[in-house]
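Residues take their numbers from the sequence shown, with the count starting at 1.
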Amino acid sequence: KGLTFTQYGEPKAEYQDIINLISEKNKSCIDLVHNLVKQNKTICAFQTRNIPHLGHERIIQEGLKHADYVIVNPVIGVRKKGDIKPYIIEKAFNYLIDNYYKENVIYSPIIANMFYAGPREACHHAILRKNIGFTHFIIGRDHAGAENIYGAHEAIKIVKKLNINIDIIAIEGAYYCDKEKKAIIKGIDSYHNDTIREISGSDFRDSFKNNNDFKYMRNDLFKYIKDLGEDIFEWLKRTN
């Protein structure tokens with residue numbers, strides 16, 4: 001017969017521990033951002049659902065051109081089958097931070113649900129980061145992907161129209177240039193059209209499932225993740 005909503009209601013006792021955990025985790029991220037802002041620092045949020053490959057690293061580098069800090073800030077609430085487990089993402093990024101980026105890149109997630117709703121969710125993500133206190137936010141070519149329902153750059157176009165009080169860094173896509181032997185961002189870096197390769201997310205995931213090296217990822221990071229000896233995908237059992 002429908003739903004009943006109440007104001008100032010008390011949650012059931014069995015949910016209180018998880019509510020407290022979510023509140024503490026999110027407060028940790030908010031406090032981190034606020035403390036940096038108090039120091040007159042600019043902070044860029046990078047939303048991601050994946051273990052970092054070279055394309056992600058190039059995006060982080062671009063973020064550092066615009067802001068003093070990049071905070072890798074994934075949404076780690078309820079996620080769909082086949083996504084990378086948040087624990088694995090955290091281990092991977094902290095490995096990169098400890099070994100390559102040091103203090104200017106920080107891993108600090110927020111707990112909220114992912115809806116995979118494309119451009120409208122990109123707007124939600126931008127507003128969420130603005131409310132937390134971030135000064136910059138990265139929007140990708142298929143932000144909060146919705147199974148190819150929308151055009152490649154729709155999220156970027158819509159978020160920019162909103163005039164949210166946060167600087168948007170638009171990323172049209174990270175690719176690998178065989179000639180330059182490095183990851184590039186379309187529209188920002190120079191590259192050779194006939195030698196760029198898309199860094200395929202499905203190939204990336206398949207490499208882990210099949211224990212094959214991935215060409216567009218640091219070998220030491222790949223080995224580090226494999227040596228954890230854990231299933232890295234949500235709700236998927238390892239296959240031999």
Pairing of Asp231 and Lys209 as salt bridge, 4.0 angstrom limit = no
Carboxylate-amine/guanidinium proximity below 4.0 Å for Lys27 and Glu24 = no
Can a donor-acceptor pair be found between the side chains of Tyr101 and Glu57 at a distance below 3.5 Å?
->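 Short answer, yes.
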Pair Arg79-Asn113, side-chain donor/acceptor within less than 3.5 Å =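 Short answer, no.
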Output field: ring centroids Phe222/Phe208 closer than 6.0 Å =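 They qualify: ring centres under 6.0 Å apart.
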Are His56 and Tyr216 an aromatic pair by the rule of ring centers under 6.0 Å?
->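 No, they do not, as the ring centres are separated by 6.0 Å or more.
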Ring-face cation of [X] near [Y] (centre distance under 6.0 Å, axis angle within 45°):
X	Y	value
Lys130	Phe137	no
Lys81	Phe233	no
Arg218	Tyr100	yes

Should [X] and [Y] count as side-chain neighbours, where that means a heavy-atom distance under 4.5 Å?
X	Y	answer
Ile232	Lys226	no
Asp213	Ser207	no
Glu172	His153	yes
Phe134	Asn73	yes
Asp68	Ile43	no

Between Gly82 and Arg205, what is the shortest heavy-atom contact and its length?
->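 Closest heavy-atom pair between Gly82 and Arg205: O-NH1, 2.6 Å.
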Side chain Arg129, main chain Gln47, donor-acceptor under 3.5 Å = no
Atom CG of Asp220 and atom CG of Asp227: how far apart are they, to the nearest 0.5 Å?
->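 Answer for the CG-CG pair, Asp220 versus Asp227, is 11.0 Å.
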Do the rings of His136 and His66 sit parallel, tilted or perpendicular, given the 30° and 60° boundaries?
-> tilted
Going by the angle between their ring planes, with limits at 30° and 60°, are Tyr95 and Tyr224 parallel, tilted or perpendicular?
-> parallel
